[in-house]
Trainee: 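My questions will all concern the structure given below.
Sequence lines set the chain letters: A, B, ... in the order given, protein chains first and strands last, and positions in each chain run from 1.
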Amino acid sequence: MSKRLKQTTKGRAADVAAREATLAVELKGWFRKSARDLPWRRTRDPYAIWLSEVMLQQTRVETVIPYYERFLQRFPDVRALASAEIDEVLSLWSGLGYYRRARELHRCAQEVASMHGGVFPAEAAELRKLRGIGPYTAGAVSSIAFDRPAALVDGNVARVLARLEAIEDDVKSTAGLKRIWSVAERLVPREEPGAWNQALMELGATICTPQNPACLICPVRDACAARAQGRERELPIVGEKRASPRVAMVAAVVEHEGRFLFARRKEGGLFGGLWEPPMVEAQTAEDAKPSLRGAGVAVEAKLTEVGRVEHVLTHRELDVLVLRARADRLWPLEAPTTAPYERLAWMERGAEGVGVSTLARKILAAAKPEKKGATRKKKARA
DNA sequence: AAGCCGGGGTC
DNA sequence: GACCCAGGCTT
């Protein structure tokens with residue numbers, strides 16, 4: 001390579017570096033000026049920041065805020081969380097979804113308490129070893145709580161970087177994610193990496209949005225390759241997702257003097273660790289009876305249909321027929337034999353202190369003795 | 001690499 | 001309805 005060419009190459013590399021340094025200054029400046037005031041941005045406590053990041057996995061900021069506040073109030077530090085009962089953790093998590101996160105959160109707290117002396121490690125590689133902490137959360141905690149120059153990629157960052165660099169790959173594919181991550185790692189600055197990462201996410205959430213990006217007010221529009229090509233609405237490219245199948249279910253709400261029959265689901269699967277009125281896959285009440293008996297619903301229970309509940313999940317649409325019965329006594333409960341359940345109990349309607357899904361709450365509400373208007377509505381639909 | 005795992009806001 | 005959100009784990 002000639003001396004002259006070498007200098008040119010070096011010169012271009014220097015130009016790129018200068019452009020990226022400018023980009024970092026611009027974006028961080030914008031972030032300082034226009035960042036939303038979010039609860040977890042008022043603390044430097046790694047525990048609180050970690051808690052917020054786990055709650056924010058696949059979950060919107062507005063949804064998380066009240067859960068974050070309640071959680072932090074009940075469990076002010078990692079040891080408090082580590083020593084809690086899992087049922088109480090799930091209780092505070094109820095309604096937030098993806099309940100495995102709550103179990104992993106609890107286990108992670110126990111790992112930090114027992115193996116790290118109650119102190120979160122600062123390096124992403126160490127954080128990554130803990131339960132429930134993947135590449136994103138490791139980068140987030142390391143950069144935001146510890147000012148380490150760790151990269152991070154979430155849905156927002158993937159979209160922003162795909163547009164900024166006009167990346168053609170499917171951003172959900174392995175190859176696409178690998179490319180996005182390499183860009184993220186190249187761009188993360190030594191100075192204020194936490195502000196940089198949060199700025200990328202903030203930009204994606206408020207300006208560089210999926211549908212109608214507000215390029216006219218974007219602080220980095222002049223550096224955006226997609227915009228330069230007029231393709232900001234075509235990028236990023238995302239693969240097709242398939243429709244979720246419908247699943248017919250039957251639930252039985254059994255009551256005796258204000259106590260309700262609840263079953264606890266085994267950990268691991270759908271709604272793992274949560275309590276609910278017994279609920280089985282079946283088309284009709286008659287078909288459901290054998291499985292319901294295996295979930296504690298005694299033969300003597302006279303079941304009547306009281307309504308239907310629909311519930312949409314990521315990969316399934318549940319259509320639940322709700323049955324109701326008055327038990328003449330609190331009959332003794334044995335170990336359930338129906339698949340998803342591990343334990344039975346008579347509980348108050350609210351099932352205080354344990355985890356209950358939104359679906360279960362909808363089923364309980366549907367079985368509640370009705371006011372006249374609601375009753376007519378159900379009959380009209382049937 | 002693909003599937004599983006909630007719930008809800010927005011267009 | 002469709003989209004997708006401060007993803008991670010399992011197979």
Side-chain angles (χ1 to χ4, degrees), chain A residues 31 35-36 38-41 49-68 90 93-105 107-108 127-141 143-145 151-160 170-178 180-181 184 194 196-206 208-213 233 236 238-245 247 265 267-274 276 310-318 340 355-362:
Chain A
F31 179 69
R36 291 168 292 177
L38 304 176
W40 44 88
R41 288 182 178 162
I49 290 168
W50 160 76
L51 173 64
S52 76
E53 293 300 344
V54 175
M55 287 184 163
L56 286 161
Q57 289 168 8
Q58 289 293 286
T59 310
R60 292 172 190 276
V61 164
E62 294 73 18
T63 305
V64 165
I65 290 173
Y67 286 87
Y68 172 82
L90 286 168
W93 201 274
S94 292
L96 198 53
Y98 286 126
Y99 297 93
R100 186 171 61 187
R101 289 184 297 170
R103 297 192 302 280
E104 306 272 46
L105 187 89
R107 291 171 62 179
C108 182
L127 288 160
R128 183 72 183 73
K129 297 176 184 171
L130 297 166
R131 295 298 307 189
I133 297 186
Y136 164 77
T137 306
V141 174
S143 66
I144 298 170
L152 115 201
V153 174
D154 72 334
N156 289 309
V157 175
R159 180 174 58 256
V160 169
D170 177 347
V171 292
K172 308 278 192 195
S173 71
T174 305
L177 279 174
K178 190 174 172 187
I180 301 271
W181 268 97
W196 163 261
N197 282 331
Q198 292 183 83
L200 278 178
M201 295 189 281
E202 187 84 359
L203 189 70
T206 61
C208 195
T209 51
Q211 306 303 334
N212 301 305
R233 305 175 79 100
V238 291
E240 308 293 315
K241 65 211 70 166
R242 55 164 133 328
S244 37
V247 178
R265 301 180 72 100
E267 299 194 350
L270 185 65
F271 301 127
L274 301 190
E276 64 190 20
E310 291 182 358
H311 197 66
V312 179
L313 306 176
T314 306
H315 59 297
R316 248 175 274 197
E317 293 185 26
L318 306 181
V356 179
S357 69
T358 298
L359 170 60
R361 292 194 197 287
K362 284 158 78 171

Trainee: Quick one: do A/H311 and A/T358 satisfy side chain to side chain contact (heavy atoms under 4.5 Å, CB included)? Show the steps, please.
Mentor: CA-CA 9 Å; A/H311 197 66; A/T358 298; 4.2 Å; yes
Trainee: To the nearest 0.5 Å, tell me how far A/L90 CG sits from A/R265 CZ.
Mentor: 13.0 Å
Trainee: Who passes ring pair (Phe, Tyr, Trp, His ring centres under 6.0 Å) against A/W40, sequence neighbours left out?
Mentor: A/Y68
Trainee: Tell me every residue that passes ring pair (Phe, Tyr, Trp, His ring centres under 6.0 Å) with A/W196, counting only those two or more places apart in sequence or in another chain.
Mentor: none
Trainee: Of A/E240 and A/E202, whose nearest nucleotide on DNA chain C comes first from the 5' end?
Mentor: A/E240
Trainee: Between CZ of A/R103 and CZ of A/R101, what distance do you get to the nearest 0.5 Å?
Mentor: 11.5 Å
Trainee: Could you list all the salt bridge (charged side-chain N to carboxylate O under 4.0 Å, His left out) pairs where at least one residue sits in residues 129-141 of chain A, not counting sequence neighbours?
Mentor: A/E104-A/R131, A/E126-A/K129
Trainee: When all nucleic acid strands are considered with a 4.0 Å heavy-atom cut-off, which category describes A/W93: base, sugar-phosphate, or nothing?
Mentor: nothing
Trainee: Return the set of residues passing salt bridge (Lys or Arg N to Asp or Glu O under 4.0 Å) with A/R60 (not counting sequence neighbours), or none when no residue passes.
Mentor: none
Trainee: B/dC11 and C/dA6: how far apart are their P atoms, nearest whole angstrom?
Mentor: 14 Å
Trainee: Does A/L38 reach a base, just sugar-phosphate, or nothing at all? Heavy atoms under 4.0 Å.
Mentor: base
Trainee: How would you give the extent of chain A contacts on DNA chain C, as first and last nucleotide 5' to 3' within a 4.0 Å heavy-atom cut-off?
Mentor: C/dC3 to C/dT10
Trainee: Just checking A/R159: base, sugar-phosphate only, or nothing, at a heavy-atom cut-off of under 4.0 Å?
Mentor: sugar-phosphate
Trainee: To the nearest 0.5 Å, how far apart are CD1 in A/I65 and OG in A/S52?
Mentor: 10.5 Å
Trainee: For nucleotides C/dC4 and B/dG6, find the distance between their C1' atoms and express it as a whole number of Å.
Mentor: 13 Å
Trainee: Pick base, sugar-phosphate or nothing for A/S173, based on heavy-atom distances below 4.0 Å to the nucleic acid.
Mentor: nothing
Trainee: With the sugar-phosphate defined as primed atoms, P, OP1 and OP2, and the base as all remaining atoms, what B/S/- string results for nucleotides 4-11 of chain B, 5' to 3', for protein heavy atoms under 4.0 Å?
Mentor: SBBSBB-S
